[in-house]
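Input: a single structure, listed below in structure tokens.
These numbers were taken from a predicted model, which means no experiment stands behind them. First listed ligand is number 1; within each ligand, the first listed atom is number 1.
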Amino acid sequence: MTTPRPRPEILTISPYIGGESTLPGINRTIKLSSNEGAFGVPPGAQQAIRHAAEEAYRYPDGGADALREAIGRRWGLNPTRIVCGAGSDDLIYQLCLAYGGPGRDIVMSAHGFAIYQIAGTYAGSRVIKVPERNLTADVDAMLAAVSPSTRLMFLANPNNPTGSMLSAADVTRLRQELAPEVLLVIDSAYAEYVTRGDYEPGIKLVDATGNTVMTRTFSKVFGLGGMRIGWCYAPPDVVDVLNRIRAPFNVSVAAQVAAIAALAEPGWVEKGRDHNAEWRPKLAAGLEAAGIKVWPSEGNFVLADFGTPALAEAADIFLRERGIIVRGVRGYGLPHCLRITVGLAEEVEAAVAGLTAFMRGRRG
Ligand SMILES: *Cc1c(COP(=O)(O)O)cnc(C)c1O
């Protein structure tokens with residue numbers, strides 16, 4: 001019997017491994033492995049999801065018109081330049097399928113978000129990973145990696161899992177020096193958490209150029225990772241392309257109303273941002289006091305650097321025994337590191353206490 005075979009490059013893709021959420025034999029786990037917002041689902045969004053139950057027999061609005069209008073109002077954007085997706089991952093896939101493909105290379109930084117490589121390879125592109133400098137995308141190296149075959153470049157800003165960020169000036173220079181036929185996708189999933197003043201999520205560049213896209217998500221500060229909803233702000237030509245190829249009902253009824261309600265939740269983003277601005281430095285300081293190197297982060301997580309893969313792995317096991325799940329980032333070429341999400345105050349304190357005990361035990 002002959003078994004059907006996919007295109008050969010498909011089998012070179014390693015499946016994406018999400019953050020684990022349960023540990024065998026432990027009832028109460030602290031999950032700091034997926035960068036979800038610390039405060040759960042906004043109450044108004046919970047109510048909207050319950051109401052949506054009655055409407056779920058109907059197809060959703062394929063254009064997500066009400067949601068795009070709400071997003072447009074919130075960020076001062078023209079709704080006709082917005083496309084919604086089943087998470088921003090969905091839009092990343094569609095961009096790769098439309099603008100990538102055989103003979104059309106994709107450039108990303110060495111420790112950039114894993115989905116770019118998966119989606120790019122799926123599309124048939126060669127995905128080129130560019131060495132970073134201090135775990136930060138290197139603008140000159142990214143530009144040098146571009147060839148006449150390059151059609152797409154992905155930049156997560158801030159990046160996951162490193163937490164590093166490029167300034168508005170650096171991203172602008174990247175765009176200016178990048179060939180115009182290369183679509184630059186700025187993934188600003190963590191924009192709401194950035195505290196540095198020299199940041200710009202990409203809106204200005206999308207407005208100023210015809211070849212830049214910004215992607216955003218409801219999965220982080222808005223607390224709706226489980227609903228799968230993201231969006232992009234793009235030039236009219238790119239919007240037209242995405243609307244031709246995306247699944248016509250890619251955002252569910254429940255996801256649309258939940259996102260609208262999350263946008264309307266009074267003070268929600270401010271609460272998430274303020275909490276993160278307080279507890280991200282506390283998490284970093286606690287780990288550093290325990291003798292662990294922490295990379296600077298502008299996201300709702302930090303990258304803890306144990307120096308060796310063995311020590312990082314032992315720390316991971318030690319935390320698991322205490323019911324704390326963080327994220328190994330071996331797949332990102334960082335086997336000596338663990339990524340830790342900024343959870344609630346007591347969750348951060350538990351992670352710091354756990355790793356302090358771990359490091360003390362190491363010193364004997
Ligand atoms: C979490 C994350 C996303 C969000 O993906 P969704 O599909 O919207 O849940 C996108 N990009 C990066 C870099 C992320 O870390």
Polar atom proximity, N160 to ligand 1 (N or O, under 3.5 Å):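 Such a contact does occur with ligand 1.
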Contact (N/O only, under 3.5 Å) between D89 and ligand 1: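 Yes, since at least one N or O of D89 sits under 3.5 Å from an N or O of ligand 1.
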Aromatic centroids of F301 and Y193 separated by under 6.0 Å: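 So the answer is no for these two rings.
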Any donor-acceptor pair under 3.5 Å from [X] side chain to [Y] backbone:
X	Y	result
Q256	V251	yes
N159	S164	no
S297	G299	yes

Show me which atoms of ligand 1 lie under 4.0 Å from any heavy atom of [X].
X	result
K220	1 (C), 2 (C), 3 (C), 4 (C), 14 (C), 15 (O)
R228	6 (P), 7 (O), 9 (O)
G87	6 (P), 7 (O), 8 (O)
S219	6 (P), 8 (O), 9 (O)

R74 atom CZ, over 12 foreign heavy atoms within 6.0 Å: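 Correct, the count exceeds 12.
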Nearest candidate to atom 12 (C) of ligand 1, where distance is taken over non-hydrogen atoms, out of N35, D187, T217: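 The nearest heavy atom belongs to D187.
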Donor on one side chain, acceptor on other, N157 and Y199, under 3.5 Å: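 No pair is found: no donor N or O on one side chain lies under 3.5 Å from an acceptor on the other.
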Between N134 and T136: side-chain donor-acceptor atoms closer than 3.5 Å: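 T136 and N134 do not have a side-chain donor-acceptor pair below 3.5 Å.
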Close approach of A189 to ligand 1, heavy atoms, under 4.0 angstrom: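 A heavy atom of A189 does come that close to ligand 1.
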Sub-4.0 Å heavy-atom approach of Y190 to ligand 1: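 Under 4.0 Å: yes for Y190.
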Nearest-neighbour protein heavy atom for atom 4 (C) of ligand 1, which is reported as residue plus atom name and distance: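 Minimum-distance protein heavy atom for atom 4 (C) of ligand 1 reads S88 OG, 3.3 Å.
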